[in-house]
Number of protein chains: 2
Amino acid sequence: MRLGDGVEWALHCCTVLGALPPEQTIPSSVLAEFHGVPSAYLAKQMQALSRAGIVQSVPGRNGGYKLARAADDISILDVVLAVEGPEPAFRCTEVRQQGPSAVAPARYVKPCGIAAAMWRAEEVFRQELDATTLGDLVSELDTGVDPEQTEKAIIWLSQRLGPATTPVNTPEKS
Amino acid sequence: MRLGDGVEWALHCCTVLGALPPEQTIPSSVLAEFHGVPSAYLAKQMQALSRAGIVQSVPGRNGGYKLARAADDISILDVVLAVEGPEPAFRCTEVRQQGPSAVAPARYVKPCGIAAAMWRAEEVFRQELDATTLGDLVSELDTGVDPEQTEKAIIWLSQRLGPATTPVNTPEKS
DNA sequence: CTATATCCGGATATGTAGTATCCGGGTTAT
DNA sequence: ATAACCCGGATACTACATATCCGGATATAG
């Protein structure tokens, strides 16, 4: 049981996207350099997010990505499912129907208890992920992150972003 | 995010082990044929279960596997961890510490909110799996499985098992 | 209109899970 | 005592998923 690296990257990228002004776009390459991850592979994750309707792509010069909806309306689960795919982690291969002791397939009305227990666990897993939104993660940046870190990130991004409709907003709620 | 097939097989095997008399042993090859799965790979999963102390191997003629403890003292989580490994599904690569905006590593005292949320979800996932025991799965066989299926399985196993200390017990609680 | 910067999709490598086969060590029934 | 049987580990091979790279399409800025 393993989660791909793309999930972590996508979540970090969505977090910075949520911290920027709503209409500010940021190229995939800048996101990659910012996080120190290979830009080609991150681009693929961003495409998956785009297909899922989580981010919106703006082509052409000074284009890039931005969140497609409000950060509070996007849960971590949405991002995970978009990147990792919607299939459940546990695949029931209906092993009961194989082997010498199998009976007619039509008689297997209820799923076996094993698959049921697995899917139950996966359900609470998803519910927990669905309870946290990108907005929560963004808010946490103000409280949990070193101010020096934040400042350093802001000036680095400001240099590298095209002339936005609004400049990068420093948190004002302090 | 994907769980290996071995998890399913191991759970099914442990369930039939739990349905048998406590001292009855079954060879790995019989378990494989019973479920219609490749015996070589199932043997690997059984070894993992043995190392984890979930099943006990009995060598020699008429040997095989049996549960190492009572079925009620073995949770689904135990089996999953034994087969799949104890590592968490989400690996935080501390992407914050890379890239141009990183500060001194010592300043990262708290784990990032992303990893925290992921681990929280994984924790409830494991709690849910830990709440169901092999004993529960065995009990469910009596209620949820077609009687014809059960009978067919019993006679097939009886033919193939060496002279046990006690014969295969048909459920008596009906 | 041209050039640049960006997204998008297919093609390529690398790694991990799954499969099959073999031999040695140890234990039990005959 | 002997032979049959079973686990345990090592090895080699295949298939699939993950990770990576590169060229084409497209829209904007000047």
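A, B, ... follow the sequence lines: proteins, then strands. Residue 1 opens every chain. Only this structure's heavy atoms are used, side chains among them; waters, hydrogens and symmetry mates stay out.
- The two residues C13(A) and L42(A) come nearest to each other via the heavy atoms SG-CD1, 3.6 Å.
- Here ring pair (Phe, Tyr, Trp, His ring centres under 6.0 Å) pairs that include residues 40-70 of chain A, with residues two or more places apart or in two chains, are W9(A)-Y41(A).
- Taking a cutoff of 4.0 Å between a charged side-chain nitrogen and a carboxylate oxygen, E87(B) and R2(A) do not qualify as a salt bridge.
- Each of R2(A) and A43(A) was assigned the nucleotide of DNA chain C with the nearest heavy atom; the assignment lying further toward the 5' end belongs to A43(A).
- Among the atoms of the strands shown, only primed sugar atoms or phosphate atoms (P, OP1, OP2) are found under 4.0 Å from some heavy atom of G64(A).
- Between Y65(B) and dG8(D), a side-chain N or O to OP1/OP2 separation shorter than 4.0 Å is present.
- Here the P atom of nucleotide dT16(C) and the CD atom of E84(B) are 14 Å apart, to the nearest Å.
- Near DNA chain D, meaning a heavy atom under 4.0 Å away, the residues from residues 49-60 of chain B are S50(B), R51(B), S57(B), G60(B).
- Both V37(A) and V16(A) are assigned to one and the same hydrophobic cluster, defined by single-linkage of ILVMFWY side chains at heavy-atom distances under 4.5 Å.
- dT14(C) atom P lies 17 Å from atom CG of D5(A), rounded to whole Å.
- Hydrophobic clustering, with ILVMFWY side chains joined whenever heavy atoms are under 4.5 angstrom apart, keeps V138(A) apart from L49(A).
- Straight-line distance from the CZ atom of R61(B) to the C1' atom of dC5(D): 7 Å, rounded to whole Å.
- Per the geometry, CG belonging to L42(A) stands 11 Å off P belonging to dT20(D), to the nearest Å.
- The separation between M1(A) atom CE and dA17(C) atom C1' is 16 Å, rounded to whole Å.
- When rounded to the nearest whole Å, the span between NE2 of H35(B) and C1' of dG18(C) equals 18 Å.
- The closest side-chain donor-acceptor pair between Q56(B) and S50(B), if any, does not fall under 3.5 angstrom.
- Candidate nucleotides dA20(C), dA29(D), dT20(D) were compared by shortest atom distance to the side chain of P38(B), and dA20(C) ranks first.
- Residues S75(B) and D78(B) have side chains that bring a donor and an acceptor to within less than 3.5 angstrom of each other.
- At a threshold of 4.0 angstrom between heavy atoms, the contacts of S29(B) with the nucleic acid are absent.
- Atom CD1 of I26(B) is separated from atom C1' of dC5(D) by 16 Å (rounded to the nearest Å).
- Each of S39(A) and M46(B) was matched to the nucleotide of DNA chain D holding its nearest heavy atom; the match closer to the 5' end belongs to M46(B).
- Residue Q47(A) places no side-chain N or O under 4.0 Å from the OP1 or OP2 atom of dC7(C).
- Remark: the K44(B) side chain and the dG8(D) base include no donor-acceptor N/O pair separated by less than 3.5 Å.
- Under 4.0 angstrom from either OP1 or OP2 of dT19(C) there lies no side-chain N or O belonging to Y41(B).
- Regarding E8(A), its CD atom lies at a distance of 16 Å from the P atom of dT18(D), rounded to whole Å.
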